[in-house]
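All of these numbers come straight from a predicted model, not from anything done at the bench. Each ligand, and each atom within it, is numbered from 1 in the order the structure gives.
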Amino acid sequence: MTMLEKRTPIPVEEAVARCMAHAHKLPVITVPLADSLGYYTAEAITATYDIPMFDKSPYDGYAVRSVDTIGASGDNRISFRTVDHIGAGAVSSHAVQQNEAVRIMTGAPIPEGADAVVMLEQTVETEEGFTVRKSFKSGENIAVQGEECKAGELVLPAGTLITAGVQAVLATFSYSTVPVRRKPSVALIATGTELAAIDEPLTPGKIRNSNGPMIAGQLAELRIKAATYEVTADDYDHLLALIKEALQTHDIIITTGGVSVGDYDYMPDIYKALEADVLFNKVAMRPGSVTTVASLENQLLFGLSGNPSACYSGFELFAKPVIKKLMGATNCYSPVIEAELTEDFLKANPFTRFIRAELDVINRTVKPAGFNKSNAVVAIAKSNSMIMLPGGTRGFQAGDKVQVIITKLTDVASW
Ligand SMILES: Nc1nc2c(c(=O)[nH]1)N[C@H]1C(S)=C(S)[C@@H](COP(=O)(O)OP(=O)(O)OC[C@H]3O[C@@H](n4cnc5c(N)ncnc54)[C@H](O)[C@@H]3O)O[C@H]1N2
Ligand code: MOO
Ligand SMILES: [Mg+2]
C-alpha cells in the first residue's frame, strides 16, 4: 500500500489563473472566409474605405435638388422632369439641373447636382416626370458616404469571435481569406475499466461512457473537433503509452477519470512519469475538486474528474478559457450575471460550489437543474448555466441573489 498523497486545495480563481498563465496564443494562419466561423480575428479589422463608399439612395425614388422643392405644398405641387433612370450598380452621367430628377433605385449613387431623394410614394406621376407636395431639406433621404465608418477607422479589434456578422464585415473589406490563430488540436481520452462502448451490452458493473461524447460536444461548441481516442481501461502502462502517443500530435490532452486517490486512479502517476509540471491537483470547489491540470513545454493536460457533473464543470471552468486564449480571444471567460434564486439551496458550502442550473435571462431568475450531485448527468443536459456559491457560506434561500455563469447562450427552453 503506497502512502496517500497529500493534496493542497487552491482557490478556483488561482487554478484558472495558473491555467491561463500556461496558455500561449497559437500561430497565425489564414482560412477561407467561408470556413472562418468560430475562429478569432488575429489582426484588427480596419476600414479600407468609407462605408457607404459613396452617397447613395436609401429608397426607390427620384434624386432632386432640394432647392427646387422649396415652397411645395398640397396647393402648390412642384413638377420635375425625369432625365435619367438608374438602378443599384449603375452611375448616372447626368448632372441634375433645375427641376430635373433622376429616377433612382435603392443603393444607387446620388447623381451629381442632386442632394435629396423623393420616395416614389411621395410623388404623383406626370407625363414628363412627377410632382411633389412637400419641400425637402438638403441631404434628406441620402445615405451619406462614411456614415457607418470612415476609411482608417478601427472596425473590429483583434481577438473578436468570428460570427456571421463579423463575416459580413470581413466580406465588406474584401477578406477572401482571414488571418486567425489556428485551433488547438485536442486529444480526448475517456478512462475507466467500467466504461462500456455505446453499443456494448451493459454487463454488471459497467456504465456508459457519457463524459467522452459530452466533452467532444463541449469542444464542438467551440468549433473544435476532438481527436477521440479509444476508451481506455484503468491500465497504467496502456494509458501512459496512449497519452504519450497523443502528445506526439496534440496541443491539449483531455482525460476524464482516474485522477483522484483511488487504487485504479493512474493519472497522478502518469503526470509523474511524463515529468509534467502539475499546476494543481486539488481545487477548493465542488464538484470537481480533484481536477488536475499539468503542463509540458507548450502542451497542457487536463485531467478532468470521472464524475460527469465534475467533468463538465472542470471543462467549462478551466479548459474552455484556455482554448479561447490559445485561439487569440480577447474575451476568454463565459459571462457572469447576478440572478435571483427561485428555490432554496440549503446545503452549506465549505468550498465554492457550482450548480448546473436553469437561468431565465429575461427575468434574471435561476434554479438548480434538478438532481445535482457530482455524478449527475441529466442536470447538465437541462442546464444553461452554473450557479456559483462562494466557499465558506451557509445555505441560500429563494429570493437570494447569486452569481451565475452563463454556459449556453441559445436554445434554452425558458427563453
Ligand atoms: N478517498 C477519496 N475518494 C474520492 C475523492 C477523494 O477526495 N478521496 N474524491 C471524490 C470525488 S470528489 C470525485 S469527483 C471522484 C473523482 O474520481 P476520478 O476523477 O478519479 O474518476 P473515476 O474514479 O475514474 O470515476 C469517478 C466516477 O465517475 C464515473 N465515470 C468515470 N468516467 C466516466 C465516463 N467517461 N462517463 C461517465 N461516468 C464516468 C465512474 O464510473 C465513477 O463512478 O473521486 C471521489 N473519490
Ligand atoms: O471532484 Mo468531486 O466531483 O468534487 O465531487
Ligand atoms: Mg477515481
Residues Lys134, Glu140; criterion salt bridge (Lys or Arg N to Asp or Glu O under 4.0 Å); working and verdict:
CA-CA 12 Å; Lys134 80 171 222 44; Glu140 193 165 338; 3.0 Å; yes

Answer with side chain, backbone, both or neither: which part of [X] has a heavy atom less than 4.0 angstrom from an atom of ligand 1?
X      : value
Lys206 : neither
Asn209 : both
Val261 : side chain
Leu195 : side chain
Val377 : neither

Check this for me: [X], atom [atom1], are more than 12 non-hydrogen atoms of other residues, nucleotides or ligands nearer than 6.0 Å?
X      : atom1 : result
Glu148 : CD    : no
Tyr49  : OH    : yes
Arg182 : CZ    : yes

What do you reckon, does [X] put a non-hydrogen atom under 4.0 Å from ligand 1?
X      : value
Lys373 : no
Arg208 : yes
Gly192 : no
Gly258 : yes

Starting from [atom], find the nearest protein heavy-atom neighbour and note its residue, name and distance.
atom                    : value
atom 15 (C) of ligand 1 : Asn307 ND2, 3.7 Å
atom 4 (O) of ligand 2  : Gly288 N, 2.9 Å
atom 34 (C) of ligand 1 : Asn211 ND2, 3.3 Å
atom 14 (S) of ligand 1 : Ser305 OG, 3.1 Å
atom 12 (S) of ligand 1 : Ser289 OG, 3.8 Å
atom 41 (O) of ligand 1 : Glu194 OE2, 2.6 Å
atom 38 (N) of ligand 1 : Ile207 CD1, 3.4 Å
atom 46 (N) of ligand 1 : Ser260 OG, 3.9 Å
atom 3 (O) of ligand 2  : Ser374 OG, 2.3 Å
atom 37 (C) of ligand 1 : Ser210 OG, 3.3 Å

Do [X] and [Y] have side-chain N/O donor and acceptor atoms under 3.5 Å apart?
X      : Y      : value
Ser374 : Asn307 : yes
Ser313 : Arg356 : yes
Asp251 : Ser185 : no
His238 : Tyr266 : no

Distance under 4.0 Å to a non-hydrogen atom of Lys282: what atoms of ligand 1 satisfy this?
7 (O)

Heavy-atom contacts with Asp265 under 4.0 Å: which atoms of ligand 1 show up? List them by number with element.
20 (O), 23 (O)

Does an N or O from [X], backbone or side chain, lie closer than 3.5 Å to an N or O of ligand 2?
X      : result
Ser289 : yes
Asn307 : no
Ala310 : no

Here's one to test your reading of the geometry: is the NZ or CZ of Lys320 within 45 degrees of the ring axis of Phe315 and under 6.0 Å from its centre?
no

Using only atom types and a distance under 3.5 Å, with no angle test, would you say the side chain of Thr330 pairs donor to acceptor with the backbone of Gly159?
yes

Short side-chain to backbone donor-acceptor contact, Ser135 and Thr69, under 3.5 Å:
no

Please determine whether a side-chain nitrogen of the Lys or Arg among [X] and [Y] lies less than 4.0 Å from a carboxylate oxygen of the Asp or Glu.
X      : Y      : result
Asp277 : Arg18  : no
Glu340 : Lys401 : yes
Lys206 : Glu200 : no

Ring geometry between Phe280 and Phe318 (parallel below 30°, tilted from 30 to 60°, perpendicular above 60°)
tilted

Closest to atom 28 (O) of ligand 1 by heavy-atom distance, out of Pro308, Gly306, Ala190, is Gly306

Where ligand 2 meets Val290 - atom numbers and elements under 4.0 angstrom, heavy-atom basis
1 (O)

For Arg286, the atoms of ligand 2 under 4.0 Å from one of its heavy atoms are 4 (O)

If you compare all heavy atoms of Leu317 against all heavy atoms of Val16, which two are closest, and at what distance to 0.1 Å?
O-CG2, 3.8 Å

